[in-house]
Amino acid sequence: MHDLVDVGPLQFVHVLDMSTNITRLEVGPQKLVLKYNETLAAGPLKLIVVPPGKYCRVKNPVKKYEPGKQCELHHGHVEVRLNKEPFPLYPGEILEGAERFGIDQFGYSGAIKKLPVVKSNQAIRLCSEIDGVIDGSPRKAGDLWQLEGPLTYKPTPEATVVGIVDAEVIGINQAIRLRAKQELVTKTGEAKSAGEEWLVKKVGSYLPGVYEEVVEVVPAYILKPDQGLHLKANHNCTDALNKPRKAGDTWLVTGEQINSYIPEIGEEVVKAVRKTVLQKGQYCVVSNPVDDKGCCQLGKEKLWKGVASFFLHPGESIKRGIQEQFVLGSDESLVMQAQCDFVDKSYEAKGVQRRSGDRWMIKGPCCYIPPIELEIIDQGDGQIVRKAIALAENEGIYVRNLQSGEVRAIMGPQSYLLTEHEQLWKKELPEVVEKILRHGGGYGEGDIRKLAYFETSIDTDFAGDKPRNKTRVVRYRCPHNTAVQVYKYQEQVGRVIFGPDMAILGPHEDFNVLSLSAGKPKVENALQTICLMLGPDYITDILEVETADHARLRIKLAFNNFFELERGKKEEEDSIFSVPDFIGFACREVGSRIRGAVSRVKFDEFHRHSMKLLQAAVFGVDEKGVVKSRLKFEANKLVITNIDIQSVEPVDQTMRDSLLKSVQMAIEIATKSVERTAGHEAARKEQEARGHLERQKLINQKESEKARSVLYELRAQTSAVESTGQAKAEAQAQAEKLLIEGQSSIEAATLKQEAENITHSTELEIQTMLRDAELSYQSEQDKLEISMKKQLADIEVEKFASMVDTIGTDTITKIANAGPESKVKLLQSLGIETTLITDGNSPINLFNTSEGLVAGSK
């Protein structure tokens with residue numbers, strides 16, 4: 001029994017003849033009966049259909065095919081097949097992309113590929129596989145080229161698609177930087193070497209060539225009128241303004257030349273700069289200026305005066321920044337010094353020749369901008385502009401002449417302006433003098449009475465913690481009835497100033513500092529001062545003495561003192577300072593006389609006649625035995641008068657306790673007497689106070705009863721108001737409660753009705769949407785069914801036409817000439833129904849159709 005293979009329409013099979021080992025192709029529709037020596041090698045398989053816009057590649061395409069003979073193939077070749085009639089694969093042909101499925105599998109979907117569609121601003125890049133003429137040009141294997149869109153590329157076996165290249169979009173103020181991969185000629189006809197770079201600035205889209213590499217998109221520098229760029233050439237090139245530049249050149253491009261600048265290949269933007277604007281009254285000095293030829297003049301300087309604006313060129317810098325012109329008042333000036341020889345063309349000099357090192361002064365009122373050939377000299381304290389120093393009376397400054405070296409004091413009242421060869425001189429004072437002046441003339445440790453006397457003489461130059469202005473003349477307000485000695489060490493002479501007066505130190509003068517004894521008992525060098533108090537004053541001291549009966553006593557005494565001299569006589573004025581510590585000197589003299597006198601008497605006698613004994617010991621007695629009233633020291637003109645004993649107490653503790661007990665007993669007696677008197681007075685006042693208290697109690701009780709009655713009345717009224725208010729509030733609350741409940745019920749009913757309306761509306765909308773969706777779905781289904789039936793009818797028509805074309809006119813003529821029975825058998829063998837074939841509108845008799853076809857063919 002032989003195999004029967006049903007090969008349908010658009011199907012094919014491969015049948016192998018095992019006796020000849022030849023495989024033949026059979027295309028349906030047909031009923032294929034295999035012979036005993038034949039076997040089905042492949043199939044049935046569908047014919048390969050390539051839709052429009054797609055393609056497939058067939059390996060080993062058939063070269064020549066004759067039934068019954070071995071199929072002749074182009075081994076190793078590939079054939080690209082585009083949209084055409086469905087075709088079968090001949091024995092030995094392979095559909096590229098479907099190999100892994102095998103010949104018996106339907107793996108055509110992966111083998112049918114879309115034709116590459118190249119859009120506008122795109123290009124397809126191709127690579128040649130073999131040597132030959134491809135796309136109308138001779139190619140070598142490995143050559144690259146590209147086709148620009150828009151187009152649909154039809155693949156060829158000789159070329160491989162490398163990829164789709166998108167165009168680079170060049171916007172306004174942009175450029176793309178390209179690099180040559182090998183030697184090439186650009187679209188503009190320029191030859192480029194391998195590795196060479198260039199810019200494309202044309203706005204729009206640019207498709208890079210095959211051997212062109214896009215390095216980056218270069219944005220332009222947007223330059224406003226007050227902006228610029230410093231550029232540098234890395235190698236010989238031509239800049240964007242078409243000027244040739246050598247390697248290492250630097251130059252300036254400003255917004256006044258071009259609005260936007262894209263650096264060319266070989267240019268490097270060093271930095272962005274802004275225009276330097278000088279307003280009226282401003283100036284600046286530019287170092288290393290660039291001349292008109294663009295050369296940097298190293299070491300030179302250029303002066304710019306406002307109103308002006310300019311750009312700094314590469315290498316230029318502004319020395320000390322933008323400066324304001326010097327506006328000098330009538331009491332101000334500037335001191336200049338020439339740095340080189342030049343002609344001064346200022347409005348004051350009017351062409352004066354200046355030599356290096358010359359110094360001169362410019363006085364106001366004027367506005368002045370110094371030339372670059374000179375330097376402004378400050379006055380030593382950082383102040384460039386010299387102002388006239390206003391000096392009040394008794395105020396002054398120390399001035400040093402730079403040419404002669406002389407230092408002098410300039411005193412007020414006046415306004416003094418330093419000349420060009422003068423400067424302020426700082427006078428240094430010893431630390432002890434600085435401290436004395438800050439305390440008003442003296443300072444010491446402990447509670448020294450005289451320190452309070454100096455506080456009124458503290459000068460403003462030494463007040464507070466601020467440092468003293470050393471260029472100001474040192475001055476000191478001498479207190480009333482004091483003397484200050486000033487010593488001039490250059491001439492080794494001194495002068496004495498008596499207060500109240502102002503002591504002013506010259507440049508080479510200093511105060512004579514006195515180290516005085518102070519405290520009780522006196523301590524040497526406890527008070528440092530420059531003031532000598534002339535008196536009248538008093539000195540207090542504590543002395544220890546011993547009587548003839550060896551009673552040791554401590555005496556606190558005070559004695560008046562003053563200096564007695566004739567003013568105007570230099571010898572007497574200087575003599576008061578001959579004893580540096582006049583207080584210690586006087587205390588020692590007085591103490592020695594008192595100790596000598598007390599040692600000759602007993603304690604009892606001293607206790608009874610202490611004042612008389614001390615006065616006689618200190619002042620002495622005359623020839624008549626009368627005690628003198630004063631003691632004068634001729635060495636320093638100090639006079640002591642009127643000794644006062646402030647206290648006398650024993651040094652021995654036992655004696656001190658005895659004296660203390662006697663004093664305490666006397667104090668106790670006096671105290672008890674005072675206490676008893678005070679007790680009687682207190683009792684009397686207490687009885688009076690008690691009477692007043694009882695009376696006040698009665699009055700307070702009366703007032704309390706009146707207030708209590710008023711309270712009871714108010715309580716009754718309050719109770720009545722409370723009871724009435726409570727009933728009223730309860731009734732009002734009940735009414736409001738009923739009103740709120742009614743309103744709540746109405747609102748609840750309204751909301752419930754709205755909710756039901758919303759629910760019904762929603763359900764209605766859902767039903768409407770469902771009906772619309774069903775109608776739409778049914779309509780689409782009907783359309784699809786109509787379309788399907790129409791396509792099936794078209795297929796039947798095409799099938800019939802194909803069958804007629806396959807049979808041929810000669811065969812149909814023979815069928816027409818044969819008898820009806822032969823026609824029926826023949827048509828049945830072809831698989832055609834013998835009843836009716838319809839096109840969907842009217843039936844057609846197959847016999848009549850065949851006869852008509854035969855007649856038509858004739």
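If you read the sequence from its start, that first residue is 1, and numbering goes on from there.
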Mind listing the side-chain donor-acceptor pairs of residues 323-332 below 3.5 Å, one per line with the distance, residues two or more places apart or on another chain?
residue: Gln323; atom: OE1; partner: Tyr283; partner atom: OH; Å: 3.3
residue: Glu324; atom: OE2; partner: Gln282; partner atom: NE2; Å: 2.9
residue: Glu332; atom: OE1; partner: Gly329; partner atom: N; Å: 2.8

Only distances under 3.5 Å count here; give the side-chain donor-acceptor pairs of residues 610-622 to other protein atoms, sequence neighbours excluded, each with its distance to 0.1 Å.
residue: Asp622; atom: OD1; partner: Lys624; partner atom: N; Å: 3.2
residue: Asp622; atom: OD1; partner: Gly625; partner atom: N; Å: 3.0
residue: Asp622; atom: OD1; partner: Val626; partner atom: N; Å: 2.6

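Considering only residues two or more places apart in sequence or on other chains, Trp304 meets the ring-ring contact (aromatic ring centres under 6.0 Å, His included) condition with Phe310. In this view, Met411 and Val473, Ile504 satisfy the side chain to side chain contact (heavy atoms under 4.5 Å, CB included) rule, not counting sequence neighbours. Listed by chain and residue number, nothing satisfies the salt bridge (charged side-chain N to carboxylate O under 4.0 Å, His left out) test with Arg400 (two or more places apart in sequence, or in another chain). Residues satisfying the side-chain hydrogen bond (donor to acceptor under 3.5 Å, both in side chains) criterion with Gln337, sequence neighbours excluded, are absent altogether. Under the ring-ring contact (aromatic ring centres under 6.0 Å, His included) criterion, Trp251 pairs with no residue at all, not counting sequence neighbours. Residues passing the side-chain hydrogen bond (donor to acceptor under 3.5 Å, both in side chains) test with Glu406, sequence neighbours excluded: none. In terms of the side-chain hydrogen bond (donor to acceptor under 3.5 Å, both in side chains) criterion, residue partners of Asp341 (sequence neighbours excluded) are, by chain and number, Ser356. Scanning for ring-ring contact (aromatic ring centres under 6.0 Å, His included) contacts around His230 gives an empty result, with sequence neighbours left out. Evaluation of the side-chain hydrogen bond (donor to acceptor under 3.5 Å, both in side chains) rule for Lys275 yields Glu256 as partners, not counting sequence neighbours.
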Criterion side-chain contact (heavy atoms from CB on, under 4.5 Å) on Met336 and Ile376, from CA distance to verdict:
CA-CA 5 Å; Met336 309 293 179; Ile376 301 176; 3.7 Å; yes

Applying salt bridge (Lys or Arg N to Asp or Glu O under 4.0 Å) to Arg630 and Glu564, what does each step give before you reach the verdict?
CA-CA 12 Å; Arg630 48 185 266 169; Glu564 187 178 48; 2.7 Å; yes

Would you please test Val269 and Leu231 for side-chain contact (heavy atoms from CB on, under 4.5 Å) and show each step?
CA-CA 5 Å; Val269 177; Leu231 301 172; 3.5 Å; yes

Determine whether Tyr489 and Glu509 satisfy the following criterion, side-chain contact (heavy atoms from CB on, under 4.5 Å), listing intermediate values before the conclusion.
CA-CA 6 Å; Tyr489 51 83; Glu509 292 181 336; over 6 Å; no

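Around the CD atom of Glu546, the shell of radius 6.0 Å holds more than 12 heavy atoms that belong to other residues, nucleotides or ligands. Taking a 6.0 Å sphere around NZ of Lys632, one finds it holds more than 12 heavy atoms contributed by other residues, nucleotides or ligands. Residue-environment remark: CD (Glu524) stays at or below the threshold of 12 foreign heavy atoms within 6.0 Å.
No donor-acceptor pair under 3.5 Å is formed between the side chain of Arg274 and the backbone N or O of Gly228.
A perpendicular orientation is assigned to the rings of Phe633 and Phe585, their planes being inclined by more than 60° (bins at 30° and 60°). Ring pair Tyr398/Trp425 is perpendicular by interplanar angle, where above 60° counts as perpendicular and below 30° as parallel.
Within the structure, salt bridge (Lys or Arg N to Asp or Glu O under 4.0 Å) pairs that include any residue of residues 573-587 comprise Lys570-Asp574 (at least two apart or interchain).
For the residue pair Ser515/Gln528, the side-chain donor-acceptor check at 3.5 Å is satisfied.
Here the rule is side chain to side chain contact (heavy atoms under 4.5 Å, CB included) with Phe342, and of Ile372, Leu374, Asp358, Val352 only Leu374 fits it.
Atom CD1 in Ile555 sits 11.0 Å away from atom CG in Asp541 (nearest 0.5 Å). In this structure, the separation between CG on Leu631 and CZ on Arg593 is 4.5 Å, given to the nearest 0.5 Å. In this structure, Asn401 CG and Thr419 OG1 are separated by 6.5 Å, a value rounded to the nearest 0.5 Å.
In this structure the side chain of Asp644 never reaches within 4.5 angstrom of the side chain of Tyr538, judged on heavy atoms.
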